[in-house]
Structures are given as C-alpha cells and as structure tokens.
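In what follows, a single structure is set out as structure tokens and then discussed.
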Amino acid sequence: CVQVQQPLQGTFQVLRGDGTSVGTVIMFHCPSGHQMVGSGLLTCAWKGNIAEWSSGTPMCKSEAHSA
C-alpha cells in the first residue's frame, strides 16, 4: 500500500506491520476538540492483484460550538 499521510492536526500510529506492507494496521488520532471524519482504522489488504487501504485517510475536523 502507499505510504499514509498524517492527517491535518492529527496523528497516526502503526499498530501492526511496517506502514506499507499487506497486513499493516494503522490507527488515527485527533486532538481534543476535533472530530474524526472517516474511518480511524485502516488495514492494508489485497484487492484483486493490488494492495489497497480499507478506506481513505480520515480528517480531523474542528468541532463547531453551537450557540
């Protein structure tokens, strides 16, 4: 799989694997006051003959405070 980019204002950690190999599991974290948009857990797996992430990289969105 391609190297994962760190989300804006967020971080990620590799739970398993080396970050690009099939079987790699990556978990994303957003800072407090931010909401994650998308899946926070990505897995690299074979789809046909191409290795792809289970979903797109999530984003960290600042939580808008409702008045």
Those residues that, when tested against Thr43, pass side-chain hydrogen bond (donor to acceptor under 3.5 Å, both in side chains) (two or more places apart) = none
query = What disulfide (SG to SG under 2.5 Å) pairs are there with at least one residue in residues 8-43, not counting sequence neighbours?
reply = Cys30-Cys60
ask   = Taking the hydrophobic residues Ile, Leu, Val, Met, Phe, Trp and Tyr, and joining any pair whose side-chain heavy atoms are under 4.5 Å apart, which ones share a cluster with Ile50?
value = none
side-chain contact (heavy atoms from CB on, under 4.5 Å) involving Asp18 - partner list, sequence neighbours excluded = Thr20, Ser21, Thr24
Please tabulate, for side-chain N and O atoms in residues 32-39, each donor-acceptor pair with protein atoms closer than 3.5 Å (sequence neighbours left out).
| residue | atom | partner | partner atom | Å |
| --- | --- | --- | --- | --- |
| Ser39 | OG | Leu41 | N | 3.4 |
| Ser39 | OG | Leu41 | O | 3.0 |

Review item, side-chain donor-acceptor pairs of residues 2-15, under 3.5 Å, at least two apart:
| residue | atom | partner | partner atom | Å |
| --- | --- | --- | --- | --- |
| Gln6 | NE2 | Gly10 | O | 3.3 |
| Gln13 | OE1 | His29 | NE2 | 2.8 |

message = Going by side-chain hydrogen bond (donor to acceptor under 3.5 Å, both in side chains), name the pairs with one or both residues in residues 48-60, residues two or more places apart or in two chains.
response = none
ask   = Who passes side-chain contact (heavy atoms from CB on, under 4.5 Å) against Val22, sequence neighbours left out?
value = Cys44, Trp46, Ala51
